Structures are given as structure tokens and as C-alpha cells.
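Note that the structure is predicted; figures quoted are calculated from it, not measured.
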Amino acid sequence: MALRSNPTLRQRRLGAELRRMREQAGLGGSQLARALGINPAHVTQMESGKTGISVERLRAIAALCMCVNEPLIDALADIITDRDKGGWWEEYRGRLSQHFLEMAEMEGRAHGLSTYTMAFIPGLLQTTAYASAVFARGFPRLPQHEVDLRAAFRMKRQNVVRSGEIPYSAYIHEAALRMQFSGPKVQAEQLGSLIEDSGRPTISIRVVLFDVDTLPVNHENFTYVEGPISELDTAQMDSGLDSVLYDAPAHTAQFRSLLARIDSAALSEEESREFIQSLKKDMESKHA
């Protein structure tokens with residue numbers, strides 16, 4: 001079987017969970033290979049997502065590793081059987097970087113989403129004009145066709161939350177609400193869009209004010225993606241030029257704790273709506 005040169009996010013996650021399962025059982029790669037009757041290199045390839053496995057082999061590995069977490073095994077089996085189902089983001093492969101596609105893939109497979117942003121409005125809630133302004137401010141500057149492509153991709157990503165398919169919680173710092181990327185008119189329209197989105201039953205928008213005594217977290221922007229079970233949750237954090245994914249149980253537990261701290265510091269949904277409305281009026285008066 002030919003090796004995958006560029007495994008997808010889900011293929012890599014399946015491999016990572018297989019490796020975690022083996023390590024928790026105290027087995028080396030060579031030990032597992034002998035028990036399965038395969039070459040040790042094959043184990044490495046499975047755990048890196050470069051080669052696929054069957055559901056039968058998954059269950060054999062789980063048995064050898066004495067894994068009794070049936071919900072986890074079933075969820076991993078679903079990843080295997082779902083491997084041929086691509087998403088809308090595949091049409092952008094070769095046109096946008098892997099980071100863009102993986103973010104859309106995570107959101108498209110999510111069972112719930114939460115974001116915290118300090119520098120800008122969450123991408124899943126941006127207007128076209130706002131998104132275009134965010135991409136246009138990059139350095140060095142992107143050509144206009146690249147700005148338009150990225151903004152269009154971001155608008156398509158929003159279907160996952162605006163359709164009501166999954167619950168979405170957006171925690172937005174006051175700094176992001178006041179930051180202007182293209183003047184008060186675009187910002188006022190963006191704030192109005194937030195107010196509209198806050199009325200959707202599956203979208204929660206909460207504001208963290210400047211006067212919170214202690215900022216809840218050190219991370220400026222992150223997304224928490226809920227999987228079918230908590231063991232398959234993922235956190236994504238922006239790091240300027242790229243993004244970093246965290247899926248180890250200790251890391252996801254930390255991000256869940258951070259979200260709880262943010263939740264306790266944020267305004268209620270109604271208070272947040274009123275605060276955003278007041279900022280919108282200020283922006284409109286500046287534009288008038």
C-alpha cells in the first residue's frame with residue numbers, strides 16, 4: 001500500500017490516538033508489531049497517519065493494549081469508516097494552505113465550538129468587509145485575489161454555526177470590539193452583525209471587559225473544538241504566522257479550565273448584547 005505523503009488532520013489524529021493507546025499500555029512499537037505480526041515500520045506509519053488501518057486491526061490493537069474505553073474505540077472506528085467522506089473545503093486544496101483546510105475540517109466535524117479572541121472578531125462571526133480588511137492588513141501585503149479567496153473561504157466556514165448544526169460560544173474581549181481594521185463604518189456593520197448573530201439559538205456571544213481585575217488567560221486567541229467524546233477534543237491556538245494544535249488530555253483539560261475562567265469573567269449574553277449595541281452607536285456617530 002502506498003504511503004500517504006500528506007495525511008489529513010483526522011488521519012493524523014487517529015494515528016496519535018493509536019500511539020497514545022500503545023504508550024499507556026507500556027508497549028514499545030516493536031512489541032506491538034510482533035504481537036500483530038507486522039513490521040515495526042508499519043506501526044510507525046499507522047501512528048503517523050501515513051497508512052490506513054481497518055476497524056478490525058483497530059480493535060485488535062485496543063485489545064493488545066488492554067484499552068477498555070469502548071466509546072473511544074467506537075469513535076476511532078467512525079474516523080476509519082468515515083475516511084472517504086470529504087468536505088466542502090477539499091475544493092480549496094492547492095489554493096489555500098493546509099492550515100486553512102484543517103481549521104475548516106475541525107469545525108465541520110465538531111460537536112461543539114468555543115472561541116476566545118482579544119485582537120479581532122472571531123472568524124466564524126466576521127462580515128465579508130471585516131474579513132477582507134483583516135486579510136488585507138497582512139505584511140507583506142497579499143494580492144487582492146488572495147484577500148478575496150481567503151475572505152470567501154471564511155464566509156463559507158461560517159455555515160457550520162449559522163446553520164444551527166452545532167452550538168457555538170464566542171467570548172470576545174472588549175479590545176477586539178474596539179479594534180478597527182477598516183474604519184468606523186465597517187466596524188459598525190460588524191458590530192450590528194454580532195448583535196444579529198447573538199439572537200440565534202445556537203450562538204452565544206459574551207464580552208470580556210477591560211475592567212476585569214485579572215485577564216483570565218495568557219492566550220490571546222484560541223478555539224476549542226469538541227469531538228464526539230471528550231478524549232477527541234482539540235484546542236487550536238493562533239501563533240502569529242501559524243496555528244498550533246493541542247490534543248493531549250492534559251492540554252485539552254487545561255483549555256477547558258481556561259474557558260471556565262473566561263466564562264466566569266464575561267458579561268451575560270444580554271449584558272453583552274447591550275454593550276455591543278452601545279459601541280455600535282459610538283461607531284455610527286463617528287461615521288456620520
- Message: Under the criterion side chain to side chain donor-acceptor pair (under 3.5 Å), I'd like the reasoning laid out for T44 against E47: C-alpha separation, chi angles, the key distance, then a yes or no.
- Response: CA-CA 5 Å; T44 300; E47 293 180 352; 5.8 Å; no
Can you tell me if [X] uses its side chain to pair, donor with acceptor, with the backbone of [Y] under 3.5 Å?
| X | Y | value |
| --- | --- | --- |
| Q158 | Q126 | yes |
| Q45 | T51 | no |
| T81 | A77 | yes |
| R12 | G49 | no |
| R206 | D263 | yes |
| S132 | T128 | yes |
| R22 | L27 | yes |
| Q11 | T8 | yes |

Heavy-atom count check: over 12 atoms from other residues, nucleotides or ligands less than 6.0 Å from [X] [atom1]?
| X | atom1 | result |
| --- | --- | --- |
| R141 | CZ | no |
| R200 | CZ | yes |
| K156 | NZ | yes |

Can you see which heavy atom on [X] is nearest to which on [Y], and at what distance?
| X | Y | result |
| --- | --- | --- |
| A62 | M21 | CA-SD, 3.6 Å |
| I73 | C67 | CD1-O, 3.7 Å |
| M118 | N221 | N-OD1, 3.0 Å |
| P122 | Y168 | CB-OH, 3.3 Å |
| E226 | D233 | CA-OD1, 3.4 Å |
| L125 | Q190 | O-NE2, 2.9 Å |

Interatomic spacing from [atom1] in [X] to [atom2] in [Y] - rounded to 0.5 Å:
| X | Y | atom1 | atom2 | result |
| --- | --- | --- | --- | --- |
| W88 | R157 | CH2 | CZ | 7.5 Å |
| L36 | Q31 | CG | CD | 12.0 Å |
| E271 | I276 | CD | CD1 | 12.0 Å |
| L58 | I53 | CG | CD1 | 5.0 Å |
| E284 | L191 | CD | CG | 9.0 Å |
| I195 | I205 | CD1 | CD1 | 9.0 Å |

- Message: Ring centroids only, cut at 6.0 angstrom: are F222 and F255 within range, meaning strictly under it?
- Response: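 Centroid distance F222-F255: below 6.0 Å, so yes.
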- May I ask you to check whether H173 and Y116 place their ring centres under 6.0 Å from each other?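 No - the distance between ring centres of Y116 and H173 does not fall below the 6.0 Å cut-off.
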Indicate if [X] and [Y] have the same hydrophobic cluster label, given that clusters are the connected sets of ILVMFWY residues with side-chain heavy-atom separations under 4.5 angstrom.
| X | Y | value |
| --- | --- | --- |
| M179 | L279 | yes |
| M103 | M155 | no |
| M66 | L64 | no |

Taking the side chain as everything from C-beta on, heavy atoms only, tell me whether [X] gets closer than 4.5 Å to [Y].
| X | Y | answer |
| --- | --- | --- |
| D74 | E70 | yes |
| E174 | F275 | yes |
| L245 | L9 | yes |
| D78 | L76 | no |
| E274 | S278 | no |
| R57 | I38 | yes |
| K280 | E189 | no |

- Task: Take S169 and Y224 through the side chain to side chain donor-acceptor pair (under 3.5 Å) test and state the conclusion after the steps.
- Result: CA-CA 10 Å; S169 296; Y224 192 85; over 6 Å; no
- Take V244 and Q236, measure what side-chain contact (heavy atoms from CB on, under 4.5 Å) needs, and give me the verdict at the end. CA-CA 6 Å; V244 181; Q236 178 267 341; over 6 Å; no
- Query: Using 30° and 60° as the class limits, which term best fits the ring planes of H251 and Y246: parallel, tilted or perpendicular?
  - Reply: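 H251 and Y246: perpendicular rings.
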- Message: Parallel, tilted or perpendicular, judged at 30° and 60°: which one describes the rings of F153 and F100?
- Response: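 If you compare the ring of F153 with that of F100, the planes turn out perpendicular.
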Can you see whether [X] engages [Y] through a side-chain donor-acceptor pair at a distance of less than 3.5 angstrom?
| X | Y | answer |
| --- | --- | --- |
| S198 | R273 | yes |
| T117 | Y171 | no |
| R13 | T234 | yes |
| S204 | E269 | yes |
| E270 | S268 | no |
| Q187 | R178 | no |

